[in-house]
Amino acid sequence: MVLIQLSGLSLFVLLLVGSAAAGDSPESRFSSSRTASAKRESLQREMRPFVKAMIQHAFEAYKEQAFPQDEVRPIEGGGVNTLGSYALTLIDALDVLALCGLHDEFRRSSRWVQDHVHFDIDKQVSVFETSIRVLGGLLSAHFMYEEGVVEVDRTVDDYDGGLLRLAVDVADRLLPAFATPTGIPYGSIHLRNGVPHGEVDVTSAAGGGTFLLEMTVISAVTQDGRYERAARKALLALVQHRVSTTNLVGNHINITSGRWTLDLSSVGSGVDSLIEYLIKGYMLTGDPQLYKSYQILHDAFAQHTRKGPWYQEMSTNGQLVFPIHNSLASFYPGNLALSGAYLDEAVETCFATHFIMKKFGAIPEGFHLGAGAIQHGQSGYPLRPEHAESLYMLYRVTNDVAFLEMGKEFARMLWTRTATRCGFAHLKDCTLPPSDAKHDDAMESFVLSETLKYLWLLFDYENVLHKTVDWDAESDGEETVPLWVFNTEGHPLPVRDEWRWWRLMKEETKAASQCEDSVGIQGNANLDGVDVDDESSLQRRNAMAAYGQEFSAWSDLLSSRAQFDANVVPQSGREARRDTQVLRQPDSTGPVGAIYQSVDTVETFDVRFSCSNRQYRDDFDKLSKSLFRRQYDFKKVDDL
Ligand code: DMJ
């Protein structure tokens with residue numbers, strides 16, 4: 001070690017010469033993938049037990065000190081009810097117990113929830129917080145059983161769907177909040193009586209637009225489309241109310257008039273999970289309108305709020321309001337990584353955020369970008385998860401050890417600076433050294449459901465959540481997608497292909513008399529130069545057969561609904577219709593669908609469907625687009 005004196009400052013420089021074995025050149029040390037994998041293994045050996053011990057420390061402290069109250073008081077001990085008085089931390093923590101292998105604790109705790117929690121209570125709660133923490137927590141815990149993450153042990157818990165029933169009950173109690181002129185929900189609801197008399201008609205963009213994941217799953221399992229429709233309408237209404245000159249959304253909106261009441265736009269507080277649910281909603285449902293909306297908002301934020309690696313707080317017409325990095329914006333790199341695009345942008349911002357953490361030893365609520373200092377009055381660190389979430393998402397996407405190293409620093413910071421006898425405590429002022437640290441006596445339930453869970457998943461490389469699926473059997477595994485998507489409170493929900501279809505498939509048939517006008521969808525698939533004898537052609541035919549099944553399901557469905565028409569027009573190619581089967585609706589004059597069971601020669605065809613029932617136009621539009629998205633997969637098969 002060499003000590004250099006520089007302008008009165010002591011600068012320690014560690015020189016690592018001599019630590020490498022003779023002949024171990026920098027090239028061989030740093031370029032070999034073996035080194036990266038050895039590093040990965042050693043980080044896992046070190047950090048898995050470390051993070052698991054933190055999870056146990058937080059959970060046991062909560063159980064001993066606070067249960068069945070909502071949250072633990074990590075300094076004084078004891079508990080406090082913060083949101084509903086129904087053991088919030090326990091509900092929020094169920095899935096992390098399952099995911100880190102504490103299965104008996106998971107079984108006991110979920111049994112307790114089923115036996116003791118009910119929502120027919122005299123409580124007014126936040127619609128947003130109840131959805132992300134309670135509904136999300138219950139759903140995710142249910143799927144820990146249903147997807148086999150935890151085996152049902154009948155001696156502890158003879159599970160028969162009780163968590164799901166509770167989740168549906170919560171969703172039912174939240175639903176009345178969405179009955180507003182814009183479809184954007186009220187901010188709070190009385191669990192027994194519905195929307196409180198005189199409830200204010202202003203909500204934040206995030207608070208109004210963060211329901212689609214939970215509600216889609218509820219709709220799928222109940223086969224009742226009301227939940228998803230309400231959530232989707234609210235989310236898209238917020239996007240539609242973006243300011244036309246910049247495409248930015250504001251922070252608070254009037255849910256009656258659709259007017260922005262707080263003209264402040266950023267990817268941080270007040271807006272964050274609105275953007276998040278566009279891309280995650282797309283991952284769950286395959287709805288292209290969500291992806292398109294995500295791109296529009298992404299481009300607007302990139303153009304108007306991004307400066308260097310940071311996202312600032314602007315007015316919706318693009319004027320700078322606060323040159324601040326808001327700590328909630330730290331989730332955004334991970335979210336960008338999920339989109340499959342914008343990776344450079346994501347990495348750059350994640351590294352910059354980590355710089356703040358290194359500078360202050362934690363991420364303060366507000367960092368003033370101009371002054372390079374903590375924003376006055378925003379020096380606290382309330383144990384937020386967002387940076388850990390981004391590190392986890394970016395590591396899954398890039399496999400780069402750098403994100404593990406940063407995760408280790410984050411975990412050590414959490415332990416060193418915030419652990420207390422009864423859990424983990426909010427840091428009041430990041431600038432004070434650990435010995436002088438001052439804490440607030442609070443540990444929010446997201447510490448277990450998000451902060452510690454993301455750290456655990458970062459280092460638990462083989463976790464069951466990391467399995468991916470290849471929906472397209474022909475793609476050689478190159479098109480794999482995750483099987484789970486996280487709600488904004490860190491609760492994983494399964495992604496099931498059939499859920500994209502549930503809404504139209506399961507809803508009850510409506511009468512033909514409501515037909516009014518029509519909407520058409522056009523698409524085409526290129527299958528040029530097909531030679532039936534070669535292997536790639538076989539692949540195409542198989543793909544086409546699968547496509548035919550989709551057509552079949554689709555037309556079955558739509559044929560039960562009045563006034564539906566389809567036209568299949570080959571644009572070129574010989575004998576295009578040779579093996580084509582055209583289905584006709586019994587009491588209709590036109591064909592209702594077409595199945596291509598095998599195709600010898602089809603170059604391009606054009607399919608035009610029309611649905612004449614106004615009531616179903618949105619559904620039709622969504623499903624049609626999803627169908628034509630499959631054609632895109634086709635082209636990929638063609639490229640093989
Ligand atoms: C969590 O409750 C959720 O992540 C929410 O979307 C906003 N942030 C908090 C934690 O910081």
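Note that the structure is a prediction, hence the values are computed from the model and not measured. Start at 1 and go down the list; that is how both ligands and their atoms are numbered.
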Considering only protein heavy atoms, which is closest to atom 8 (N) of ligand 1, and at what distance to one decimal place? E386 OE2, 3.1 Å
Backbone or side-chain N or O of S273 under 3.5 Å from ligand 1 N or O: no
Interfacing atoms of ligand 1 (cut-off 4.0 Å, heavy-atom, E489): 1 (C), 2 (O), 3 (C)
Check ligand 1 against T488 and write out every atom of the ligand that is under 4.0 Å from a heavy-atom position of the residue. 3 (C), 4 (O), 5 (C), 6 (O)
Is the centre of the Y392 ring less than 6.0 Å from the centre of the H466 ring? yes
For ligand 1, indicate whether the residue P385 contacts it via side chain, backbone, both or neither (heavy-atom separation under 4.0 Å). side chain
With a 6.0 Å cut-off on ring centres, are F106 and Y145 close enough? yes
Could you tell me which atoms of ligand 1, counted from 1 in the order shown, lie closer than 4.0 angstrom to a heavy atom of F446? 2 (O), 10 (C)
Consider every N or O of E450 and every N or O of ligand 1, then say whether any pair is closer than 3.5 Å. yes
I255 CD1 to T203 OG1 distance, which is reported to the nearest 0.5 Å: 7.0 Å
Classify the ring geometry between F410 and H387 as parallel (under 30°), tilted (30 to 60°) or perpendicular (over 60°). tilted
Is it the case that the side chain of K280 and the backbone of F486 share a donor-acceptor pair, with hydrogens and angles ignored and the cut-off at 3.5 Å? yes
With heavy atoms and a 4.0 Å threshold, my read on which part of T210 contacts ligand 1 is neither
Between S131 (side chain only) and V127 (backbone N and O only), is there a donor and an acceptor less than 3.5 Å apart? no
